Amino acid sequence: VSSMISSRLIHSHSSVDMVSIELLSSPNVIISCVYVPPNCPKHYLTEVLHSIEEISLLNKKLIVVGDFNAPDINWSTLSASTPSSTMLCDLIFRLNLTQLILEPTQVKGNTLDLLITNIDNYVNNIAINNCTSSLSSDHFIITFNIAATYSFKKTTRYVLDFSKCDFDSLNCYLMDIDFGPCFVCDNIDSCWQLFKSMILEAVSFFVPKVKLKSHQPPKWFTPAICHH
């Protein structure tokens, strides 16, 4: 999520490969990203589906995306030939969700990557880019838009202004530092942390900081322009 868009992480105690965030937009939208390994144990899939159901019980607008590795599902009839895929179909039916990816998402012609939601009327411009020449993956890229109005955060941050650095004083200071302890630590990580702290301390003495403000994008910079 862009640092300019207000959002929050939804914490979970589950050990499955799933992360969820809530976009603080109008309306608020929860997006969850899931990975289900091929031929995963039943208990793992059960936990994935339970996690999705827990998120859905928050009674908010929900979009779940990810690689579910369920190529045997017939999405026109919401039926499957394996027990694991049938479990996914049952969850989608029970929670009144909709799966919007109906074309192959992988070079072998399988539909593995899914977009499951309870707000299909808010999801538009779904596109599947079947060019994998620039990717180290046999999966296709899926893009889509969410019809929502986002609030942009106004944040203040400080950066080092090296154009006003007192380099002569900085060089003299560094020449007087005893870097010997950096090379007698117990491990390389400790050596690096000590060396880095010495350098950063020296920089803080002789390089001033300047305040930067991030501004909301201009009104003409619409989501459509950003997408293209």
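Bear in mind the structure is a predicted one, so any value in this text is a computation, not a measurement. Positions are given from 1 along the sequence.
When atom types are taken as modelled, the side chain of Asn129 and the backbone of Ile141 share no donor-acceptor pair closer than 3.5 angstrom. Checked by atom type and distance alone, the side chain of Gln99 pairs as donor or acceptor with a backbone atom of Leu115 at under 3.5 Å. No side-chain donor-acceptor contact under 3.5 Å links Asn74 to the backbone of Ser79. The backbone N or O of Leu62 lies less than 3.5 Å from a partner atom in the side chain of Thr117, making a donor-acceptor pair. Checked by atom type and distance alone, the side chain of Asp120 never pairs as donor or acceptor with a backbone atom of Thr98 at under 3.5 Å.
Around atom CG of Asn121, more than 12 heavy atoms belonging to other residues, nucleotides or ligands sit under 6.0 Å away.
Linking Ile, Leu, Val, Met, Phe, Trp and Tyr whenever their side-chain heavy atoms come within less than 4.5 Å leaves Tyr35 and Leu49 in two separate clusters. Following chains of ILVMFWY side-chain contacts shorter than 4.5 Å, one can reach Leu78 starting from Val36, so the two form part of one hydrophobic cluster. Tracing side-chain contacts under 4.5 Å through hydrophobic residues (I, L, V, M, F, W, Y), one reaches Tyr44 starting from Ile116; they form part of the same cluster. Clustering ILVMFWY residues whenever any of their side-chain heavy atoms sit less than 4.5 angstrom apart, transitively, puts Val159 in a cluster other than the one holding Leu170. Cluster membership for Ile10 and Leu24, using ILVMFWY side-chain heavy atoms within less than 4.5 angstrom, is not shared.
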Go through the steps to decide whether Val65 and Ile142 satisfy the test side chain to side chain contact (heavy atoms under 4.5 Å, CB included), and finish with yes or no.
-> CA-CA 10 Å; Val65 295; Ile142 299 174; over 6 Å; no
Apply side chain to side chain contact (heavy atoms under 4.5 Å, CB included) to the pair Phe140 and Leu112, showing each step before the final yes or no.
-> CA-CA 10 Å; Phe140 304 149; Leu112 304 180; over 6 Å; no
Given side chain to side chain contact (heavy atoms under 4.5 Å, CB included), test Ile126 with Ile101 step by step and report yes or no.
-> CA-CA 8 Å; Ile126 299 174; Ile101 304 298; 3.8 Å; yes
Determine, stepwise, if the pair Met18 / Ile52 fulfils side chain to side chain contact (heavy atoms under 4.5 Å, CB included).
-> CA-CA 9 Å; Met18 175 174 171; Ile52 294 175; 4.1 Å; yes
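Annotation: side chain to side chain donor-acceptor pair (under 3.5 Å) contacts involving residues 54-68, sequence neighbours excluded, comprise Glu22-Lys60, His50-Glu54, Asp67-Asn69. Listed by first then second residue, pairs satisfying ring-ring contact (aromatic ring centres under 6.0 Å, His included) with a partner in residues 158-178 read Tyr173-Phe205, Tyr173-Phe206, not counting sequence neighbours.
Met198 and Cys182 get closest at one heavy-atom pair: SD-SG, 3.7 Å. Nearest heavy-atom pair across Phe179 and Leu174 is CE1-O, 3.7 Å. Annotation for Ile128 and Pro104: closest pair CG2-O, 3.9 Å, computed over non-hydrogen atoms.
For the atom pair Ile92 CD1 and Asn118 CG, the distance stands at 12.0 Å (nearest 0.5 Å). Note that CZ of Phe68 is 9.0 Å distant from CD1 of Ile73, once rounded to the nearest 0.5 Å. To the nearest 0.5 angstrom, Asp90 atom CG is 11.0 Å from Ser85 atom OG. Here the CD1 atom belonging to Ile199 is positioned 10.5 Å from the CG atom belonging to Leu194, to the nearest 0.5 angstrom. Distance CG/Asn124 to CZ/Phe144: 10.0 Å, rounded to 0.5 Å. If you take CG on Leu45 and CE on Met87, they are separated by 4.5 Å, rounding to the nearest 0.5 Å.
For the pair Leu9/Val19, a side-chain contact is recorded, criterion being any heavy-atom separation below 4.5 Å from C-beta on.
Judged purely by distance below 3.5 Å, without hydrogens or angles, the side chains of Ser190 and Asn187 pair a donor atom with an acceptor atom. Side-chain contact annotation: Ser14 with Ser12, donor-acceptor N/O pair under 3.5 Å absent.
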